[in-house]
Amino acid sequence: MKNRITIGKIIKYAIFIAIIAVMVRFAYPYIKELINGGKDDQYKDIGYAIDFESYESKLAGEQSDIDGWTRLDKQNAGLQVKDGSDTDGDGLTDKDEIEVYGSDPKKMSTAGDFYSDGYKVANNMDLNTYYESETAPVFEKNECSEIKLTASRLEDLRATVKKDVPSMYK
């Protein structure tokens with residue numbers, strides 16, 4: 001009996017070729033790195049490459065909204081790179097915190113009290129003075145009445161309590 005090419009054989013060969021093509025596609029970056037002797041300077045993730053050196057060079061060449069700072073300076077300081085950003089979410093831009101108020105653009109409250117820097121500016125309060133809270137903080141979105149939420153510092157408020165707690169924590 002002679003070898004016949006049947007539909008079944010064609011399908012098997014097509015599947016085999018498709019599997020090989022997918023394997024080559026995903027293995028290509030790693031094969032390329034092996035061929036180059038591991039001397040590739042780019043970080044890879046399944047075929048995508050980010051050249052951090054050229055990205056940082058680009059940022060170093062771009063002036064930011066903060067006087068005398070490049071976008072790379074903002075990144076290295078731990079701030080958001082975008083102009084007009086408010087890294088700490090206190091209502092003041094990073095530019096204003098650095099240039100106008102001399103406050104910390106990475107802390108919602110430079111003094112560490114319950115009053116955000118934006119609130120203090122709006123109410124003519126000193127950003128570097130720690131003010132005692134006259135009233136207990138109100139937790140409007142507390143959905144769990146069994147737990148009383150308290151805090152002595154603004155940073156302590158960065159917690160979330162969920163209503164449905166897994167049984168292992170009950």
Side-chain angles (χ1 to χ4, degrees), residues 25-144 147-166:
R25 164 65 179 99
F26 286 109
Y28 174 75
Y30 305 105
I31 294 169
K32 182 179 172 190
E33 187 171 346
L34 287 173
I35 292 170
N36 290 338
K39 296 179 183 177
D40 200 342
D41 291 342
Q42 297 177 336
Y43 295 87
K44 295 169 195 59
D45 181 22
I46 312 297
Y48 295 98
I50 299 172
D51 184 349
F52 287 109
E53 191 174 308
S54 66
Y55 174 72
E56 287 185 344
S57 294
K58 178 181 181 258
L59 290 180
E62 295 176 353
Q63 180 64 33
S64 76
D65 58 341
I66 300 172
D67 289 336
W69 287 39
T70 65
R71 290 183 187 267
L72 182 61
D73 294 331
K74 285 181 80 171
Q75 175 181 293
N76 290 339
L79 303 176
Q80 295 175 0
V81 177
K82 187 178 93 179
D83 285 350
S85 59
D86 178 12
T87 299
D88 57 11
D90 62 3
L92 301 176
T93 65
D94 297 339
K95 174 183 174 64
D96 285 346
E97 291 212 49
I98 291 170
E99 294 179 1
V100 178
Y101 303 108
S103 56
D104 189 339
K106 294 188 286 183
K107 290 174 117 180
M108 184 177 265
S109 172
T110 298
D113 54 16
F114 278 107
Y115 301 100
S116 72
D117 291 343
Y119 177 87
K120 286 182 178 180
V121 167
N123 290 283
N124 296 317
M125 299 165 73
D126 180 24
L127 297 176
N128 296 304
T129 300
Y130 184 96
Y131 294 94
E132 290 291 331
S133 178
E134 297 173 4
T135 60
V138 177
F139 299 94
E140 297 169 359
K141 296 185 180 185
N142 180 15
E143 297 177 4
C144 184
I147 297 175
K148 182 180 178 191
L149 299 176
T150 62
S152 59
R153 300 175 310 138
L154 181 66
E155 290 80 20
D156 295 337
L157 297 178
R158 297 177 192 258
T160 304
V161 177
K162 296 281 186 178
K163 194 171 174 179
D164 299 323
V165 179

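We're numbering straight along the sequence, starting at 1. Everything numeric in this text was worked out from a predicted model, so none of it was measured. Keep in mind that the numbers below use all heavy atoms, side chains included, and drop hydrogens, waters and symmetry copies.
Of the possible polar contacts, none joining the Asp117 side chain to the Asp90 backbone as a donor-acceptor pair under 3.5 Å is found. Side-chain atoms of Asp86 come within 3.5 Å of backbone N or O of Gly91 as a donor-acceptor pair. In terms of modelled atom types and a separation under 3.5 Å, the side chain of Gln63 and the main chain of Ile66 share a donor-acceptor contact. Under a 3.5 Å cut-off, the side chain of Glu99 and the backbone N or O of Asp67 do form a donor-acceptor pair. In this structure, Lys74 contributes its side chain and Lys82 its backbone to a donor-acceptor pair below 3.5 Å. Under a 3.5 Å cut-off, the side chain of Thr70 and the backbone N or O of Gly61 do not form any donor-acceptor pair. The closest donor-acceptor contact from the side chain of Thr93 to the backbone of Gly84 lies at 3.5 Å or more, if one exists at all.
One finds the OG atom of Ser85 at 6.0 Å from the CG atom of Asp65 (value rounded to the nearest 0.5 Å).
Side-chain polar atoms of Asp104 and Thr110 form no donor-acceptor pair below 3.5 angstrom. Side chain to side chain, Ser103 and Glu97 meet the donor-acceptor criterion of an N or O pair below 3.5 Å.
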Self-check item: Intermediate values then yes/no, side-chain contact (heavy atoms from CB on, under 4.5 Å), Tyr101 and Val121
Solution: CA-CA 9 Å; Tyr101 303 108; Val121 167; 3.4 Å; yes
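In summary, of the residues considered (Val100, Asp94, Ile98), a side chain to side chain contact (heavy atoms under 4.5 Å, CB included) with Asp96 occurs for Val100 alone.
The pair Asp83-Arg71 meets the salt-bridge criterion, with a side-chain N (NZ, NE, NH1 or NH2) lying under 4.0 Å from an Asp/Glu carboxylate O.
Across all non-hydrogen atoms, the minimal contact from Ala77 to Trp69 is CB-CZ3, 3.9 Å.
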Sequence neighbours excluded and cut-off under 3.5 Å, please list the side-chain donor-acceptor pairs for residues 122-129, or say none.
from	atom 1	to	atom 2	distance (Å)
Asn123	ND2	Tyr119	O	2.8
Asp126	OD1	Asn128	N	3.4
Asp126	OD2	Thr129	OG1	2.5

